[in-house]
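Worth saying up front: this structure is predicted, and the values here are computed from it rather than measured. Hydrogens, waters and symmetry mates are skipped; everything else that's a heavy atom, side chains included, is used.
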Amino acid sequence: MPGTRHGRLRVYRISPGRTAGADVGDLLRRTGIGRLRRTGPRRPRGAPVQRPDRLIRSCGGEPIAVLRPSEAAIYGRFGYGPATHGAQLRCEKRSMIFRPGTEFGDGTIRLLGHDEARPLIEKVYDQVRTGAVGRPDRPDGSWDSRLFDEPQAREGATALRFAVHQEPGGHVTAYALYRTRSAVDVFGDNKSTVQVMEFVTTCHQAYAALWRFLAGIDLVPWIEYEAAVDEPLPYLLTDPRAVRSTQVDRLWVRLVDVDRALAGRRYATPLDLVLDVEDSFCPWNTGRYRLQADGDEVTCRRTQDPADLRLTATELGAAFLGGTTLASLAAAGRVSELQPGALARATSAFRGEREPFYPGGWAFPAY
């Protein structure tokens, strides 16, 4: 993935994708900042890895910045808010009994080698990405990282396997990348796992069929996968408790230019709202903005009109992709409703049909 150096950090650009809202439209190109890991001497606890003001100003004119911080307590003070989350699933295979009437379709699942599978799964990923929130595009270098499979990268697991779902006519509608890892506990019980690295489908029949395939792998009693927080798998099963879930934060978003960022996305419902924004770290953002949205027509301009909501740039960053809700932030005292009904309208407009999901887990922005 192309990048430019800024001090000890590499700043990556992510090509246009889709963002929140029922009709999400094209998001202005986002700037992704990696895991913010310092390579020099150990820094004092609480000290920033790099001066974020310089980092934000180095975004090349982009309206937002995205990062996956290694220490979550630091970056809220610099205007970043947690915008996407992942659900770390641990599935007990013996309890994964699919509900009667589950539609598995007529497709077949084949295990392919890397060279045969790659062009097929790239097409499926691109098809899903354009209608999803949180999935960046993947140039060749990002695919190389995603499919990197040298022995030293496996951590004791098998080589990467490619399960590809094809319809009767040969059209590929889903794939799963996975490994298996053998393990026993201190009592000698089998704790081996199917480690699902990526799972992408274009229809619900292929989704169910691919999960049935993974659940049927012999001699491995557990499946682990980092999924979206609204992953539908539990609703396919007679016992939803077969899928245990732990939520983790992933992408944090910072609005570098509030007006351009808010005008660059689409909204689920029509909206006419005045936001009173405070931003002590990027003071050019402080002020009131009238956000008006109706389908593809979106404007965000400065105004002196009375405000409907008061919040900081951190809360706007958290809500920007449609995952973290303004209503939940208000319940924590972080968003103030100044006009009755404004909070409910804004919360509905910022939300999307599905939760935003970055498929690379901790590895942003590698893939």
Atom pair [atom1] ([X]) and [atom2] ([Y]), whose distance is rounded to the nearest 0.5 Å:
{"X": "R250", "Y": "L67", "atom1": "CZ", "atom2": "CG", "answer": "13.0 Å"}
{"X": "R90", "Y": "T246", "atom1": "CZ", "atom2": "OG1", "answer": "10.5 Å"}
{"X": "Q339", "Y": "R345", "atom1": "CD", "atom2": "CZ", "answer": "8.5 Å"}
{"X": "R68", "Y": "S70", "atom1": "CZ", "atom2": "OG", "answer": "6.5 Å"}
{"X": "R351", "Y": "R354", "atom1": "CZ", "atom2": "CZ", "answer": "11.0 Å"}
{"X": "D294", "Y": "L271", "atom1": "CG", "atom2": "CG", "answer": "10.0 Å"}

Within one Ile-Leu-Val-Met-Phe-Trp-Tyr cluster: [X] and [Y], side-chain cutoff 4.5 Å:
{"X": "W143", "Y": "M197", "answer": "yes"}
{"X": "F320", "Y": "V277", "answer": "yes"}
{"X": "V335", "Y": "L275", "answer": "yes"}
{"X": "V229", "Y": "V66", "answer": "no"}
{"X": "L329", "Y": "V274", "answer": "no"}

Heavy-atom count around [X] [atom1] within 6.0 Å, excluding the residue itself: above 12?
{"X": "E155", "atom1": "CD", "answer": "no"}
{"X": "R310", "atom1": "CZ", "answer": "no"}
{"X": "D106", "atom1": "CG", "answer": "no"}
{"X": "R241", "atom1": "CZ", "answer": "no"}
{"X": "Q88", "atom1": "CD", "answer": "yes"}

So, do [X] and [Y] sit near enough that their side-chain heavy atoms are less than 4.5 Å apart?
{"X": "V258", "Y": "L316", "result": "yes"}
{"X": "I223", "Y": "K93", "result": "yes"}
{"X": "V133", "Y": "F357", "result": "no"}
{"X": "S192", "Y": "R181", "result": "no"}
{"X": "L214", "Y": "F199", "result": "yes"}
{"X": "L311", "Y": "L326", "result": "yes"}
{"X": "Y267", "Y": "V298", "result": "yes"}

Set of side chain to side chain contact (heavy atoms under 4.5 Å, CB included) partners for E231, sequence neighbours left out: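 E231 satisfies side chain to side chain contact (heavy atoms under 4.5 Å, CB included) with L89, Y207, W211, Y225, A227, A228, L233 only.
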Under 3.5 Å side-chain donor-acceptor pair for [X] and [Y]:
{"X": "H204", "Y": "E103", "result": "yes"}
{"X": "S142", "Y": "S145", "result": "no"}
{"X": "R161", "Y": "Y178", "result": "no"}
{"X": "E167", "Y": "T173", "result": "yes"}
{"X": "Q304", "Y": "R288", "result": "no"}

Take R110 and E116 through the salt bridge (charged side-chain N to carboxylate O under 4.0 Å, His left out) test and state the conclusion after the steps. CA-CA 11 Å; R110 300 169 56 207; E116 184 178 2; 3.3 Å; yes
Might you point out which heavy atoms bring [X] and [Y] nearest each other, and give the distance in Å?
{"X": "A117", "Y": "V164", "value": "CB-CG2, 4.4 Å"}
{"X": "A261", "Y": "P63", "value": "N-CB, 3.8 Å"}
{"X": "L210", "Y": "A174", "value": "CD2-CB, 4.0 Å"}
{"X": "A163", "Y": "I109", "value": "CB-CG2, 4.1 Å"}
{"X": "A242", "Y": "L237", "value": "CB-CD1, 4.2 Å"}
{"X": "M96", "Y": "C91", "value": "SD-CB, 3.6 Å"}

Salt bridge (Lys or Arg N to Asp or Glu O under 4.0 Å) partner of R290, chosen from D259, D305, D276: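 The residue from D259, D305, D276 that satisfies salt bridge (Lys or Arg N to Asp or Glu O under 4.0 Å) with R290 turns out to be D305.
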Please list, chain by chain and in numerical order, all residues satisfying ring pair (Phe, Tyr, Trp, His ring centres under 6.0 Å) with F148, sequence neighbours excluded.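 F148 satisfies ring pair (Phe, Tyr, Trp, His ring centres under 6.0 Å) with no other residue.
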Starting from the C-alpha separation in whole Å, work towards a yes-or-no answer on side-chain contact (heavy atoms from CB on, under 4.5 Å) for T108 and H165. CA-CA 6 Å; T108 57; H165 182 276; over 6 Å; no
Any chance you could lay out the salt bridge (charged side-chain N to carboxylate O under 4.0 Å, His left out) test for R138 and E198, step after step, and finish with the verdict? CA-CA 14 Å; R138 278 188 184 158; E198 186 159 289; 2.6 Å; yes
Start with the C-alpha gap between T314 and R334, add the side-chain angles, then the distance that decides, and say whether side-chain contact (heavy atoms from CB on, under 4.5 Å) holds. CA-CA 9 Å; T314 301; R334 295 176 56 177; 3.5 Å; yes
Using the six-membered ring of F104, assess whether NZ or CZ of R212 lies under 6.0 Å from its centre and within 45 degrees of the ring axis.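 R212 over F104 ring: yes.
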Evaluate the criterion side-chain contact (heavy atoms from CB on, under 4.5 Å) for residue pair V220 and D218; output intermediate values, then yes/no. CA-CA 6 Å; V220 186; D218 290 335; over 6 Å; no
Dump the intermediate steps for salt bridge (charged side-chain N to carboxylate O under 4.0 Å, His left out) on R154 and D149, then the final yes or no. CA-CA 7 Å; R154 298 172 186 168; D149 194 34; 3.2 Å; yes
Hey, do the aromatic rings of Y175 and F162 have their centres closer than 6.0 Å?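 So the answer is no for these two rings.
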Tell me whether K123 is salt-bridged to D126, with the criterion being a basic N under 4.0 Å from an acidic carboxylate O.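 No, no charged N to carboxylate O under 4.0 Å.
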